[in-house]
Amino acid sequence: MKRIIILTAALFLLLTGSAFAADGVPNLLGKWTVKVSEFHVKGMGYLKEGITGTMEITEQRERIFVGNVTWMVNGMVHPGYTGFSGVFDRDNINAYISGENGCIRFMHVEGPDEISMYVLHPGGEQSCAGYVEFVRVK
């Protein structure tokens, strides 16, 4: 009976994603490219088609990481190249990122090779909100 209770408790912890089952901080180092994106940009309206970009995580030490992102809008480099710093939440799935241009990003790791990012750039000439799905470049 004791064995059944222990196995049931272990299975419960595994299926509920308990902190005991945490895999650690994801390794984000390397290049990422846009899979899907949509934005609303001040003065440009809704942008869904024609947005591409690359993100590179150049340094990572435990939960803290550093990188840069370059946006292309309709084949032209958008003045959105910025460096940024980020930190993972204790859950090692969500991260919070601050860009050099005042942009705030929230990241959710979907898997080892896929990230969803939510972008907020308050105020100014380039204020915007949107989301991006990045995939790792292999």
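Between atom CD of residue Glu56 and atom OG1 of residue Thr70 there is a gap of 9.0 Å, rounded to the nearest 0.5 Å. Rounding to the nearest 0.5 Å places SG of Cys128 at 8.0 Å from CG of Leu120. Between atom CE of residue Met107 and atom CE of residue Met117 there is a gap of 4.0 Å, rounded to the nearest 0.5 Å. Atom CD1 of Ile97 and atom CD1 of Ile104 lie 11.5 Å apart (nearest 0.5 Å).
Minimum interatomic distance between Pro122 and Ser127 (heavy atoms only, all atoms of both residues): C-CB, 4.2 Å. Arg105 and Val69 make their closest contact through NH2-CG1, 3.6 Å (heavy atoms, listed as atom of the first residue, atom of the second, distance).
Cluster annotation: Leu29 is connected to Val109 through the hydrophobic network of ILVMFWY side chains, with a link wherever side-chain heavy atoms come within less than 4.5 Å. Placement of Phe84 and Ile64 in two distinct hydrophobic clusters is found when ILVMFWY residues are connected by side-chain heavy-atom separations under 4.5 Å, directly or transitively. Taking hydrophobic clusters as Ile, Leu, Val, Met, Phe, Trp and Tyr residues chained together by side-chain heavy-atom distances below 4.5 Å, Val135 does not share a cluster with Val119.
Side-chain contact between Val132 and Trp71: present, with at least one pair of heavy atoms (C-beta onward) separated by less than 4.5 Å. Using a 4.5 Å heavy-atom threshold, the side chains of Lys31 and Thr54 count as separate.
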Trace of the side-chain contact (heavy atoms from CB on, under 4.5 Å) decision for Arg63 with Arg90: CA-CA 8 Å; Arg63 291 170 45 196; Arg90 294 174 72 189; 3.8 Å; yes
Steps toward side-chain contact (heavy atoms from CB on, under 4.5 Å) verdict (Ile115, Glu133): CA-CA 6 Å; Ile115 295 170; Glu133 293 176 15; over 6 Å; no
Expected list for residues 32-40: side-chain donor-acceptor pairs under 3.5 angstrom, two or more places apart:
{"unit_1": "Trp32", "atom_1": "NE1", "unit_2": "Leu28", "atom_2": "O", "d": "3.0"}
{"unit_1": "Thr33", "atom_1": "OG1", "unit_2": "Gly53", "atom_2": "O", "d": "3.4"}
{"unit_1": "Lys35", "atom_1": "NZ", "unit_2": "Glu114", "atom_2": "OE2", "d": "3.3"}

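Scanning for ring-ring contact (aromatic ring centres under 6.0 Å, His included) contacts around Phe65 gives Phe88, with sequence neighbours left out. Partners of Ile93 according to the side-chain contact (heavy atoms from CB on, under 4.5 Å) rule, which considers only residues two or more places apart in sequence or in another chain, are Asp91, His108. When the salt bridge (charged side-chain N to carboxylate O under 4.0 Å, His left out) test is applied to Asp113, the partners found at least two apart in sequence or on another chain are Arg136, Lys138. Here Ser85 pairs with Val66 under the side-chain contact (heavy atoms from CB on, under 4.5 Å) rule; sequence neighbours left out. Residues that satisfy the side chain to side chain donor-acceptor pair (under 3.5 Å) test with Glu110, not counting sequence neighbours, are Ser116.
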